[in-house]
Structures are given as C-alpha cells and as structure tokens.
Amino acid sequence: MAEEKALIPIAEGWFEDQGWKPFQFQRESWHAYLSGYNGLVNAPTGSGKTYSLVMPILLEYIRENGGATSSVGKNGLRAIWITPIKALAKEISNSAQRAVAGLGLDWQVSLRTGDTSPADRQKMKKNPPEFLITTPESLQLMLAQKGYPKFFKNLRAVVCDEWHELMGSKRGVQMELGLSRLKTICPKLKIWGISATIGNMDEAVQALLGASLDKGKSKIIRSDIKKVIEVESVLPDTLEKLPWAGHLGVNLIDKVIPIIKNSNSTLIFTNTRSFAEIWYQKLLDRAPELAGTMAMHHGSISRELRDWVEDALHNEQLKAVVCTSSLDLGVDFRPVETIIQIGSPKGVARFMQRAGRSGHQPGALSKIYFVPTHSLELVEAAALREAIKVGLVEDRIPFIRSFDVLIQYLVTLAVSDGFDEREIFEEVKETFCYNSIDRDEWLWLLSFITTGGSSLTAYDEYRKVEIEDGLYKVTNRRIAMRHRLSIGTIVSDSSLKVKYITGKYIGTIEEWFIARLSPGDVFWFAGRNLEFVRIKEMVVQVRNTKKKAKAVPSWMGGRMPLSSQMSVMLRKKLHGVTLKGKKTDPELNFLMPLMELQRKRSHLPNKDEFLIEYFKSKEGYHVLMYPFEGRFVHEGMGALLAKRISEITPITLSIAMNDYGFELLSDREIPIYEALETDVLTSDNLYQDIQGSMNSVEMARRRFRDIASISGLVFKGYPGQQIKDRHLQSSSQLFFDVFHDYEADNLLLLQAYEEVMDFQLEEARMRRALERIHQQKIIVTEPEKPTPFAFPIMVDRMREKLSSEKLEDRIRRMTLDFEE
DNA sequence: GACCTGCTGCGGTCTG
C-alpha cells in the first residue's frame, strides 16, 4: 500500500527517537490494522504490545486528515481501549499520551472507570476524548446512557486488552454483547484484541469478533519474542523430609529464606490468601531481619494497603512480597529478580504468567523456584517444565448461552434509548455466545423482562421493560437507577469489613470466621496481630496488639482443579518414571525411592495402564483409582461409581478425592471385581447417571445465586447500604424454588444446571477420561498397606472429620506404618 | 505452641 509507505515511517521515526526498535510483530500489527483488518495480537506483557495498536490507530487518523492535526473536541470519540483491571489503565494512558505527543497530535486521552468523578463523566459525555481507556462494566454503563449512538458515532477502534483474561468469563460475554451493538452504530469500526498465549487462539478471535467479522478480514499477529523459562524445584536434603501429604509447605522454609536474601526483589506466590498470611508470618518468625523489607498482598487486603505495597515494590523499598494471584496481573511493575511458587499452580498458563514476572525484558531469562508442599507435587514440577518446553498451554473456554448476561444487557439497552427487538436479535445472534439462540428463546427473554415470565407475572417489580412505539424501554426512573447500579457480572462473596476502632479500613473477612472468635481474641490478618473488639453494623472493629494470634482467617474461594493440560503432562511424566534409566528431571530422580515403594506395594502404572487399589484397613474397605484428572472430575467420577456399584449390591460408600485420584470407602466389602466386569467405568448413560448420582438440584441452587444477581432478579442494595448476603442468598433460593416448581423451562433455571455440568462437574472432561480409561489395561492390586498414591487422598478425607491434633496423630501413625 | 487450602476482577442519575 502506497499510503502505508508514508505512514509507517512516522511510527518508526518516533520509535527511533525513544531509542527503540520496533519488533516484527509490532510492524505486522501496524500493517494489518492500516490495511483494514480486525484481529488479535498475541504478545507477552512487557513487550510493547500497547504500541502495536496505539500506533496504527493514530496513524489512521493522520492518514484521514492528510497529515494535519486538529483541535480537541472536533473529532469525537475515536478509540476505546478496554482493560479488565482498573490498575492497568494509568499505564496504558501514559503510553498512549506519549505516542500522541510524539506524533504531534492534540488528541485527548482519558480514563473512565468507576473511580471517575460524576463531574468528569458529564464533561466527557459532552465533550468526548479521542482516546478513552475504560473497563467492560463502564462500557456497558455508557450503553445505558441516553443518546449513546451519538457519543460513539465517530468510533473507529475498540481494543480489548488482556482478552485471554476476559474471554473465559461472563465479563467476556458482556464484551461480546457491547461489541455487537457498536458494530452496528459505528460502521467503520475495527475490533482488535491483545492476548497472552492460550491453547485456543483461533477461538479467541471468533469470540472477540463474532460471526460477521470473523468471516471477513481478520488476522492473528503472533509475537516473535521467545521467553526462556527455567524451573528449579526447591528440594529438601532427603526425601524423608518431604511429607506425603499436606498443602502448606512451610517445612521447606529454611531453603526458601536464602533465596529471598540472595535476591534484590522476590515475589512469593501462594495459592490461597490464608497461606499468604501464614507464609508471611512464618518468614518473619524465622528471619526477623526481613521485617520492614517484606510485605503481603492479596485480594482481601484494602486497596490502599495494596497500592502502597505495589508502589514500594516499584520503588525498590521492598525486597519481598508474599502474594496470591492478585499480583498475577495488575500493575505492570518493574520486573522482579526472583519468583517463588509455593505449591502446585494447577495450570501451565498461570505458572508461566508468574515466571514471566521476572526477567521482563524481551529475551531475558525468567527463573522460577517451585516449592513442593508434598512429594507427588514434584512430578507436577517436571510436568510444568515439559509443558513449557513444548508450548502446551490451557484453553480459555468462552461461555455459551449465558442468558443472565443477555437479560442484563437487554435491560441496559432499554434503560437508555430503548431497542428494536428485531434489530437486536440479529446482532445478538452474531455473537459467539449466543449464535445458537432461537426465536422461541428470544421471545421468552423478551417476555421475562417485560412481564417477569409466567411465574412472576403477578409482581409489578419484574415488569421492568415496557413496549412503546415498538421499542422496548424502561420508563420507571427507579428501575433505571437500580439497573445502572447493578451492571456487571462479578458477584462478590459475603464478607465483613475489618477496621481499626479509629475507622481505618484494613480489609475484608468472612462472617463465619469471625463468628468463631470472642472479643479479646487475637487473629493474624494483613500481616499483623489484631485484637477483635466487636462487630458493629457489619464492620469488625479491631486494634493492634502485641499478643500472639491464635488464628489466621481463611476465605472460601474458588477451587481450582488441575488443568487438563497439566493432567496430560503429569501422566506423561509418570509414564516416564516407569521406564528404565536416569531421568532428565531432577525431581523425578529425587522421587525414585518413593516411586519404587509405590511399585513394591502396589503398581506403578504406565501410560497404557489404569491402576485400581483395593484393600482393607481398620477404617473399612477402600477402593482407590487414579485418573489424574483434577478434583472436580474425580468428585463426579467417584459419585458415578458409587451409584453404579450400589446398583449391583446395596452398599453405602463415602467418597474422597484430590487432584490425582479418588477413594471409595465402605464398612462392607466392595464388589469391585464384579463391578469392573459389568463395565462400571463406561461413559454410556453418563449424563443421566451423573444427574442421578449427585445432588444436582442442590448444586444448581448454589449456582443460581450468581445468575439471579446478574439477571437482576435480586438487588444487591444501594451503595453504602448493602443488603446482607444472607438475604441475597435466601431470595435467590426463593426464585430458584419457584422456577423449579412452577416453570421448569425457565431459561435461567436451565442455565444453572448447564453451568453445573460444564464447570463444576466438567462433564466433557469426565467423558474423555472414561473413554481413555476404556482403552487402558485395568490393573487391580491389593496392597497390604496404603501406598504413596493413596496416602494424600486418605489424609484429605480424615481432615474433614477429625480435629487437627487428632489428625496429626493419625498421620504420624500412618507414616510409621509405612516404614518397612 | 501447634494446628492450618481454596484466586482474581467491576460497578451510580436525567435534562436543559
């Protein structure tokens, strides 16, 4: 293209002024954008990915204006940059401003998030900036404004940054819907995404662009920057020092401290908030000299404290930070020298993301230390290393048919200018999420927002939308305001604020934890000893104390099972163990004595074998199986088998599982051989049998809480006077029960069941696992004593029943049992 | 003093 020949050098010249040289992928992005493509840039953080799209957006403007710059306010909104995290907005804004000034333009670059003042919002609405950085939620809020098409009419580009973070969530669905609207009202719109590497890159583009654009001109630009990641496991002096079960890993603390001391800056990633608290505390106990140069960071700590930590890390005031995935993304701070991962990261992408926090410069080596919390976890370290080497990364599965988000979106459009249902139906059908929606479903949704559907017709509250001159509209101001307040798809868990008596906010804690404490008790939170004073109006009041804490809070969070990519690699590594000869992974060599014990007591399965262990102990009869498919699949598989076995003979089985396998336990003999003969592991009738074996109604009921909230059935309360979570819970359950009893075809109800199958039971993955096992040779052993594979599962089961001390006793006795 | 599983993210008017 001739004009590009004139344009690209402008960007190149500016890069040269900065002392930079454009990467190949940046040039490719510039060309693709300027030639009219939509697409996705696949590049790691810290590689100048922002400039790969900021530049062509500006160049296109220069092209249209024949090189001239024009005054602010005349152009309207030209580009929207979506970030999933507010904290990233400032950095993007700085880059954009730098480029704008560098190219001699007088574009205005502005942020629009929940933190933006109402006055600034008004200003922006009247006089839009050319370049707007915002969040998916704020974009929806803009669509809820009267006259939004005028606001967006000059828009040329939407960039979805960190698209891999959004696409696997309902926030991604929200983006798809927002884009479907913008495509119609901005005819010249180009849509681009920026994504880290994921397994399903092509699907990522489809979800972003939807059917219409994906068929047109679209491109994936892959960065040529290769990251070298080195994985080093922290090993104890002897194998005996590493426990067979457990999750905390503090017994390796003395090996971790020197790593921290030898480095200028270290991030220590833990899997849970409570582990971050515990590790921080233990590190201070063991190495008091770290006080003042070490801090902690997780999602329940106040934003103010976290900001301080991020700044201090940036300014090199801090030497180490113990954190959770709260620092996975967020501030794109200067790279740290050292990364430590405590326990299994459960997924390759997460591990690589964290490793990438060190050696930030393109081409630099990233090193990550892996601290195992139990012996078998070391196999995961070897699996991670191999996955990184061969480039096996997890998929992000886009949500399909999330009717709760669609309902919210339709009301959003009704709140602003109202919508023509035929027009919007066509747009919605073009999205990845809803491409299978049919006319009947659509009509159900319309009736739901106008009448509340068949079971809620009697209540005025749910007649939110009216039809006026053929347009679906919200006319009631109260409904409109409530709706604006509840835009978004993130449903928070129940929590209480923790504040000093003086009023300073420290963070949030869950009600059930504080319920166990009495006034005067001391607990450890946000890295300090806090004395619990009282609860007043949903606020936990505390004061600092010198007394030692007797408890560390834990939070009920999401549970992450081992990813299927990790499962594949784990099984591969275990197969490697069965082969003769020295292993290339140091972890596996270290573990060989344990593996030998497994072989001696039972069997060490290779890739063509499936191991089942059957034995009797004082507790009863145990059957253990090891699919290595993550705990969700094992939970479902355990229930499935329990059901099928009890059809052979009436028997009560209790189920326990971890990421490696599951256990069935009974006080009576388990007819396992008979069960295997009747093909108890078949994937036939899987769907029905799961439904029959699990309490799927109860699971769906729990799932429905979020759906009710997102679809606007329950209102979370006005700011400052939040409705108690218990009310939210009970009212959403009420809706569930009503739909369950009177409106079985309610799409939101059906969605709850679908979500249970897809996300909680991972039905598709279970099916694949059963099919794989069907191809394998089944080996049943009858070990005399519990095996290294069995031990952690049995411990996890007992953990739920026994108090901690008793458990410790029991583990000690079991361990003694193991000695030959 | 030991005991400790369970992440992250967002978000407030209209109209003249």
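Sequence lines set the chain letters: A, B, ... in the order given, protein chains first and strands last, and positions in each chain run from 1. Keep in mind the model is a prediction, meaning the values are calculated, not measured.
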> Closer to the 5' end of DNA chain B via nearest nucleotide, is it A:R484 or A:F275?
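Looking at the nearest nucleotide for each, A:F275 comes out on the 5' side.
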> If you compare every side-chain N and O of A:R631 against the phosphate oxygens of B:dG6 (OP1, OP2), does one of them come in below 4.0 Å?
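Looking at the OP1 and OP2 atoms of B:dG6, neither is under 4.0 Å from any side-chain N or O of A:R631.
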> Does A:S274 make a side-chain N or O approach to OP1 or OP2 of B:dG6 shorter than 4.0 Å?
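Checking B:dG6 against A:S274, a side-chain N or O does come within under 4.0 Å of OP1 or OP2.
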> Ignoring hydrogens and angles, state whether a donor on the side chain of A:Q760 or A:E635 is under 3.5 Å from an acceptor on the partner side chain.
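Side chains of A:Q760 and A:E635: no pair found under 3.5 Å.
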> Phosphate oxygens OP1/OP2 of B:dG6: is one of them under 4.0 Å from a side-chain N or O of A:S554?
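A:S554 to B:dG6 OP1/OP2: side-chain N or O found under 4.0 Å.
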> Would you say a side-chain N or O of A:R171 is under 4.0 Å from OP1 or OP2 of B:dT8?
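No, outside the criterion.
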> Quick one: A:F513 CZ to B:dC4 P, roughly how many Å, whole number?
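Going from CZ in A:F513 over to P in B:dC4 covers 16 Å.
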> Would one find a side-chain N or O of A:K170 under 4.0 angstrom from OP1 or OP2 of B:dG9?
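For B:dG9, neither OP1 nor OP2 has a side-chain N or O of A:K170 closer than 4.0 Å.
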> Side chains of A:S195 and A:R396: do they bring a donor and an acceptor to under 3.5 Å?
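No.
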> Quick one: is B:dG9 close enough that its OP1 or OP2 comes under 4.0 Å of any side-chain N or O from A:R306?
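It does, given that an N or O in the side chain of A:R306 lies less than 4.0 Å from OP1 or OP2 of B:dG9.
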> Could you give the NE2-to-P distance, from A:H374 to B:dC4, as a whole number of Å?
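Taking NE2 of A:H374 and P of B:dC4, I get 15 Å after rounding.
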> Tell me which of A:K86 and A:R477 sits closer to the 5' end of DNA chain B, going by the nucleotide each one is nearest to.
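Looking at the nearest nucleotide for each, A:K86 comes out on the 5' side.
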> Look at the side chain of A:E137 and decide which nucleotide, out of B:dT8, B:dT13, B:dC10, has an atom nearest to it.
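Per side-chain heavy atoms of A:E137, the pick is B:dC10.
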> Heavy atoms from C-beta onward define the side chain here; which of B:dT15, B:dG6, B:dG11 lies closest to that of A:K146?
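Comparing B:dT15, B:dG6, B:dG11 against the side chain of A:K146, the answer is B:dT15.
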> Run the numbers on A:E137 and A:R171 for salt bridge (charged side-chain N to carboxylate O under 4.0 Å, His left out), then give the verdict.
CA-CA 8 Å; A:E137 287 78 9; A:R171 297 181 84 194; 2.9 Å; yes
> Round to the nearest Å and state the distance from A:Q140 atom CD to B:dT13 atom C1'.
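Rounding to the nearest Å, CD of A:Q140 and C1' of B:dT13 are 18 Å apart.
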> Can you list everything that forms a side chain to side chain contact (heavy atoms under 4.5 Å, CB included) with A:D161? Sequence neighbours excluded, please.
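For A:D161 the side chain to side chain contact (heavy atoms under 4.5 Å, CB included) partners, ignoring immediate neighbours, are A:K49, A:W81, A:I92, A:I194.
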> Test of understanding: with side chain to side chain contact (heavy atoms under 4.5 Å, CB included), list the residues that count as partners of A:S302, not counting sequence neighbours.
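With neighbours one apart ignored, the set is A:E304, A:L305, A:Y505.
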> In whole angstrom, give the distance that lies between atom NZ of A:K125 and atom C1' of B:dT15.
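In whole Å, B:dT15 C1' and A:K125 NZ are 9 Å from each other.
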> Using whole Å, report how far CG of A:N251 lies from C1' of B:dC3.
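Going from A:N251 (CG) to B:dC3 (C1'), I get 14 Å.
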> Stem finding on DNA chain B, please: runs of three or more consecutive Watson-Crick or G-U wobble pairs, both distances under 3.5 Å, sorted by first number.
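Ordered by first number, the stems with DNA chain B amount to none, as no run of 3 pairs exists.
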> Any side-chain N or O of A:T135 under 4.0 Å from OP1/OP2 of B:dG11?
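Affirmative; the distance criterion is met.
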> Expressed as a whole number of angstroms, how long is the span from A:R559:CZ to B:dG6:P?
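Value for this atom pair: 10 Å.
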> For B:dG11 and A:S138 - does any side-chain N or O of the residue sit under 4.0 Å from the phosphate oxygens OP1/OP2?
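Checking A:S138 against B:dG11: at least one side-chain N or O falls below 4.0 Å of OP1 or OP2.
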> Look at the side chain of A:S325 and the base of B:dC7, then say whether one donor and one acceptor between them are separated by less than 3.5 Å.
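Under the 3.5 Å cut-off, the side chain and the base do form a donor-acceptor pair.
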> Is B:dG12 in the syn or the anti form, by the rule that syn lies within 90° of 0?
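Here B:dG12 takes the syn form, which means its glycosidic angle is within 90° of 0.
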> Please say which of A:H634, A:R631, A:E380, A:E629 ends up in a side chain to side chain donor-acceptor pair (under 3.5 Å) with A:Y660.
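Single side chain to side chain donor-acceptor pair (under 3.5 Å) partner of A:Y660 among A:H634, A:R631, A:E380, A:E629: A:E380.
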> When you check the phosphate oxygens OP1 and OP2 of B:dG12, does a side-chain N or O of A:R112 lie under 4.0 Å from one of them?
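Result: yes.
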> Rounding to an integer number of Å, can you tell me how far A:Y409 OH sits from B:dC10 C1'?
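Nearest whole value for this atom pair: 19 Å.
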> Taking 4.0 Å as the cut-off, does a side-chain nitrogen or oxygen of A:R121 come that near to OP1 or OP2 on B:dT13?
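For A:R121, the contact criterion (side-chain N or O under 4.0 Å from OP1 or OP2 of B:dT13) is met.
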> Listed by chain and number, what are the side chain to side chain contact (heavy atoms under 4.5 Å, CB included) partners of A:S416, not counting sequence neighbours?
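Listed in chain order: A:Y148.
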> Sequence neighbours left out, what passes side chain to side chain contact (heavy atoms under 4.5 Å, CB included) with A:N476? Give chain and number order.
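Applying side chain to side chain contact (heavy atoms under 4.5 Å, CB included) to A:N476 gives A:R478, A:I479.
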> Using whole Å, what does the distance between atom P of nucleotide B:dC7 and atom CG of A:L562 come to?
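About 17 Å, once rounded to whole Å.
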> Hey, could you give me each pair passing salt bridge (charged side-chain N to carboxylate O under 4.0 Å, His left out) that has a residue in residues 274-285 of chain A? Not counting sequence neighbours.
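Residue pairs with at least one partner in residues 274-285 of chain A: A:D285-A:K548.
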